[in-house]
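Right, one structure below, let's go through it.
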Amino acid sequence: MMLYPPMAELIDKVGSSYALINLVAKRAREISAEAEEQGIPLTKKPVSAAIDEVYTGKLTVHTDTGAAAEDHRDHQLEQDLEEYVATLPSEPVGDETLAGTVPEIVLTDEDMQG
């Protein structure tokens, strides 16, 4: 069975299968959200529409390089850390240690001899 458009051509357009999957998934979510917000019924599946956009050249990969990409990653890591810390309990519960503290573990020679 021949796939249309051919996967090899789609991968060539974006550089890698990983980039293709991420690009198509992101665009498909956008298509779905836009259609839902506007109350427009979709005539084709969002993934198929996104693949067609890649194949026709309407959708391309834009790669961030340099300081801008690094700043974005740093900002994302900070946000992820803040979200994680917000889920931690502010006070110990039972025998748990306080959030953000690590108990000291001391290993003896006997522990190291398995």
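Not measured: the values here are computed from a predicted model.
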From [X] [atom1] over to [Y] [atom2], what is the distance, rounded to the nearest 0.5 angstrom?
X	Y	atom1	atom2	result
Y55	E9	OH	CD	4.5 Å
K45	S32	NZ	OG	12.5 Å
K13	L59	NZ	CG	11.5 Å

For Q79, look at atom CD and say whether over 12 heavy atoms of other residues, nucleotides or ligands are found less than 6.0 Å away.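 More than 12 heavy atoms, drawn from other residues, nucleotides or ligands, come within 6.0 Å of this atom.
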
Should L42 and I51 be regarded as members of a common hydrophobic cluster, given that ILVMFWY residues are connected when their side-chain heavy atoms come within less than 4.5 Å of each other, either directly or indirectly?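 No, L42 does not connect to I51 through the hydrophobic network.
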
Return all side-chain donor-acceptor pairs below 3.5 angstrom for residues 19-31, not counting sequence neighbours, or 'none' if the list is empty.
unit_1: N22; atom_1: ND2; unit_2: Y18; atom_2: O; d: 3.1
unit_1: R27; atom_1: NE; unit_2: E53; atom_2: OE1; d: 2.7
unit_1: R27; atom_1: NH1; unit_2: E30; atom_2: OE1; d: 3.3
unit_1: R27; atom_1: NH2; unit_2: E53; atom_2: OE2; d: 3.2

Sequence neighbours left out, what passes side chain to side chain donor-acceptor pair (under 3.5 Å) with D52? Give chain and number order.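 Residues passing side chain to side chain donor-acceptor pair (under 3.5 Å) with D52: K44.
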
